[in-house]
Structure formats: C-alpha cells, structure tokens
Amino acid sequence: MQLVRRFLPLVIGIYLLLFFGPLAGFDFFRIVGEIYNKPSLLLQQLINGLANGSIVAIVALGYTLVYGIIELVNFAHGDVFMLGAFMALTVIGATGVTETSTASEKLTAALLAGAAAIIFCGVINVIIERFAYRRLRNAPRLAPLISAIGVSFIVQNIGLFWGGLRSFFPIMGVNSAAPKAFPDLIGRVDVFKDWFGLDLPITLSTKELMVIVVAAALMVGLRLLVQYTKIGKAMRATAENRDAAKIMGIDIDRVISFTFLLGGALAGAAGLMFGLYNNTVVFTMGFTGGLRAFTSAVLGGIGNITGAMFGGILIGLLAAFSDQYFSSRWTNAWVFAILVTVMVFRPTGLMGENVGQKA
Amino acid sequence: MSMLEVQNIHTYYDNIHALKGISLNVNEGEIVTLIGANGAGKSTTLKTISGLTKPREGAVRLHGNPLHTLPAHKIVEQGIIMVPEGRRVFGVLTVSENLEMGAFARNDKQAIAQDLEKVYSLFPRLKERRNQLAGTLSGGEQQMLATGRGLMGRPRVLLLDEPSMGLAPVLVDLIFDTIQQLHKQGTTILLVEQNARMALQVADRGYVLQSGEIVLSDSAENLRANESVQKAYLGIS
C-alpha cells in the first residue's frame, strides 16, 4: 500500500505523458524513430543546446550568487542582462564596425563592447543593490522581492527608452520596441570542416565555439575566485552567517556589493554573447531570458554555483531537444514541466543543499 | 584608566529592554567574567561591545576612544575579537579557511602565518583536520576552531561567550587551560560563562548580572566567598 502510494504520482504522470504528451509534441515512438534514422541531428542539437545553455548558465550564476548571499530572488537580474546586450550593441554601433570589416576590427569592437557591457552592468547592479535592496535587508522577505520586481520593470523601460534613441545611436533602428539587429561579428565558419578538414555530419560553428569557450572560461574563473581568493572566502562566510562574518572584521556591505558587481559583470558578458550568437536583441529579452536563467538556478539548487552552471546547460539542452523533437511552441511548457517535476521530488534542486534560514 | 570601558549602556531588542544601564570596565591584562542566569544580558553585553547590537544609550570605549559608534567590522580592527556563543564556525569553509577568516582584518602575511602555527600547536587536532569542512567537526573541535579563529585576529581584548557550553568535562578543562595560557601571554579577556565555578577560578574580577542590570561586582575571590553568589550560581547552599 505504501509502495503504491509512493509511486502513484509517477504512474499517473507517465499515463498523462503518453496520452496527452503527443498534443505537446511528445510522441515517444516518432522521436525514437527520428533519432534512429538521423542520429547526427541529435548531436547537432546537443551542440546548439550547449551554446544556448552556456549563456543561460552565465545569467543563472547572477541569480544564484545573489540568492546565496542575501536570499533574494533578484528579479531585475534578467533585465540587467538585457542592458548588457544594449550596451554592447551601442558600443559596436559607435565603433562603426560592421559585418564587412576586417577580422581585427571586429575583434577589437567585440572586446570593447564586452568590456563596456561588463563594467556597465556590474556598476548598475551595485547601484540597484545600494538603493533598492540594502535598506530592506532586514525587512520581511516580501519587501525586497517586490522592490526587485519594481526595479525589473524600471530597467525594462530604460531598455525601451534606450532602444528609441535612434538619433544618438542609429544602430537601434527606427522602432524602439522592435527587435534590433545585432551585427554578426563572428560569422558561421564550420570549425570541423574549415579548420580541421574533417567531414562530419554535424557542424560546430565559430559562434558556438566562442560562446562555449567564453562561458567555460567565465565559469572556471568564477569558481577559482570564490574558492581561493580572500574576497571569495569572505563571500562564502557572509553567505553562511552574516553576524559571524561581521565579527571576523568582514565588511558585509562591501562583500554584498561585490557579489552584485560580479553578478552584473557576468550578466554584461552574457548580454554581449547573446547578441553575437543570436544576432538580435530586444528589450523584453531580459524577462524571458531571465525567467529561464532563474529556472536553471532553481533546478540546479539555488545558491549553489555549480548547480546554476549545470542547470543552465541542462535547460539549454532540454530546450534544444524540445525544439527539434517536440515542438518549439511547447518548449517553455516542457522546460517548466521538468522544473516542476524535479522540484516535487527534490525541492532543494539537483545539487542544492539545505541552506539554513537567514534573518 | 581602564582599557575597555562600558558606560551605562541600554540595549533593546525591538521593544524589549535587554540591558538596563550596564557599566563595567576591564583593565589591561585582566580576565573579567560576567556571570548570571539565562537571559540576564551577558551575551547581549558582549554583542553590544562587539557592535552586533547597538546601544540606544551609553558608550563603549577602548582606551578612551568610542567603539559604539563604529560598525562591527571596524571594532574588530580595533582588536576587540569575539568568540561567539554556539561557536558559529563557517561550516562550508575548511578549518584552515575558517582560521584565515579570523585574520581577515589583518594584512601582515608573515605574522598571520606565524599565528596560524601557534593556533595549530595550541590545538593539534585542528592541524590534523585543517582541510576538513568545519561543519563536519565535533562540538569540542568546533569550539577549538572558534577560539583559534578568535586568536587569529590578534585580540587586544578577547570576548569569550560561553566557551564551555555543551562540552565534555575534559574539553572544558582544555578550554580553560587555554584561557589561562592566553592570560599569561597578556591577552585581556572578558569571559561570559554559565559555569560560574570555572569562570571565577580563572578570573581576576567578576560582575553578576540579573535581568539586564549589574547587581554585584567584586574580585573573583570575594565573589567565590559571597553567600548569595554561592547559593545562586555555585550550587553551594
């Protein structure tokens, strides 16, 4: 009886999936057939998913860092990521570099845009914390949460306004709310074929390579920073117990500011990467992208850095798989269905541990 | 003039009047103990000195310089180091990282390395477990770590809050031995202790707290001999 009760939800779930799944693109036998007939397509989607997931993971890190240290879901984080993409676009527009420029010009423009986006988003995030969250640190949980939602809308509207400044930044195009074309500075060169002369049924383009390599470097860098530097250790100490950190002589306000700086910087880098990879940015991308990144952070176990990376990549892969084999219209539904399922069975996320309640 | 001076402090938790005008002083090189029942305000007094709670009235001074106006991390820089009640070690950090955090406010790398060796020789157990997460240590080991972490800050005044709580008798002895050793090296100590008997054995002077007020202050010797102290705190009737 106990056993039946325990597995009943699972059985009902599988039933529902088999009967209603096909409506949302989940047709088990068709998918197995497709994979069997063309396995290279699955591999190709894995590469795409890895690239998209890497960007999601970088944004997810910002959610998880902030949550880890002050237990706040920083709803404005996705919108800061959007500002990063806008900043990068603006800088690239200002340099005058286009898709026909030389490789070194493109690289310089991309690096400049990256530096500008990273610094800009880092500083913006610090300012947001200073004015919208700090005073609410000891208030009931809902207060900073509502504040974060408010900041999210404000930042989104800043993006909308920025997108309308075509007289200053012609690259923004005519319509402030419309998606903006982001110059393709990297191009699609097939790494396997053109660099190594391999004739494979799948392609890894320079774009995907750039995203994966940069994201991996950022993740490794962050890991090392948190693990081995003095400020990184102070971050972990502050996250665990703020009062104990204070009596070590740690200025927790500075540590928290630094955490927001890091999260913002990562969001800025992700904004540039997103623009270069997808070649289109829009002021609402922070909301949709942020939601997916937040989901990743929760999936991996919010507050856990490795979990956020893992969750982001998992969600990227899942979304790519769903786009290919289910139906791209249902991808968000599938992503969240997986999230709900994981949460039901593992409320702390895949890699989460029970973080103690903080005052 | 005494080294650490607490002058008529009133501390509140929201509307609860926890400290009702506490005044005490600690001279350089002394061990002073605060004894009293649960909720008398002993820990709150230490927290107010270390800056974790702020007094609504009154002053805390170190060598005449006000401390109560400084944030907690600046008070640490002045050499006031607290070993908090319940140890509060960082469970997700390793033992050696915890000790490093104790020296957070310092920049003298060489001296820090020397102090680390000192702490390890004081508590060899910690050296054995230096790469272990602090959360996996036993209660006694955590108390050693918390004490060692406090020493890493090179305290001018060490505030010890219930260092013997929940420890086996043999560990209580070890902790009190350590306190006496520190005393001999010239560290000034303000000790809060449930175990009044032990506290009055190592202390030079003591204050007795009762519901947020000091009701008695004398040398440790006289307090040990005091009938009402014996009755209330030493279990002698």
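By convention in this document, chain letters (A, B, ...) are assigned in the order of the sequence lines, proteins followed by strands, and residues within each chain are numbered from 1. What you see is a predicted model; the values in this text were computed from it and never measured.
For residues 147-161 of chain B, heavy-atom neighbours of chain A at less than 4.5 Å comprise R149(B), sorted by residue number. Along residues 95-102 of chain B, the residues that come nearer than 4.5 angstrom to chain A, judged on non-hydrogen atoms, are E97(B), E100(B), M101(B), G102(B) in order of number.
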Candidate pair T44(B) and T11(B), rule side-chain hydrogen bond (donor to acceptor under 3.5 Å, both in side chains), full reasoning: CA-CA 8 Å; T44(B) 308; T11(B) 301; over 6 Å; no
Could you walk me through whether I22(B) and N8(B) satisfy the side-chain contact (heavy atoms from CB on, under 4.5 Å) test, starting with their C-alpha distance in whole Å, then the side-chain angles of each, then the deciding distance to 0.1 Å, before giving a yes or no? CA-CA 5 Å; I22(B) 298 278; N8(B) 192 32; over 6 Å; no
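Ion pair R106(B)/D115(B) flagged as a salt bridge, since at least one NZ, NE, NH1 or NH2 atom sits closer than 4.0 Å to an Asp/Glu carboxylate oxygen. Here R87(B) does not pair with E141(B) in a salt bridge; the nearest charged N to carboxylate O distance is not below 4.0 Å.
Minimum interatomic distance between G311(A) and L299(A) (heavy atoms only, all atoms of both residues): O-CD2, 4.3 Å. Nearest heavy-atom pair, K42(B) versus V192(B), reported as atom, atom and distance to 0.1 Å: CB-CG1, 3.6 Å. Between G29(B) and T188(B), the shortest heavy-atom distance links the atoms N-OG1, 2.8 Å.
No side-chain donor from either of N131(B) and T94(B) sits under 3.5 Å from a side-chain acceptor of the other.
Between I58(A) and M219(A) there is a side-chain heavy-atom pair separated by less than 4.5 Å. Within the 4.5 Å cutoff, the side chain of R130(A) has no heavy atoms near those of the D253(A) side chain.
By number of non-hydrogen pairs under 4.5 angstrom with chain A, the leading residue of A72(B), A105(B), S50(B) is A72(B). Ranking A237(A), A234(A), A245(A), A244(A) against chain B, the residue ahead of the rest is A237(A), based on heavy-atom pairs under 4.5 Å.
With a 4.5 Å cut-off on non-hydrogen atoms, V89(B) touches chain A through its backbone but not through its side chain.
Ring geometry for Y63(A) versus F294(A): interplanar angle of 30 to 60°, hence tilted.
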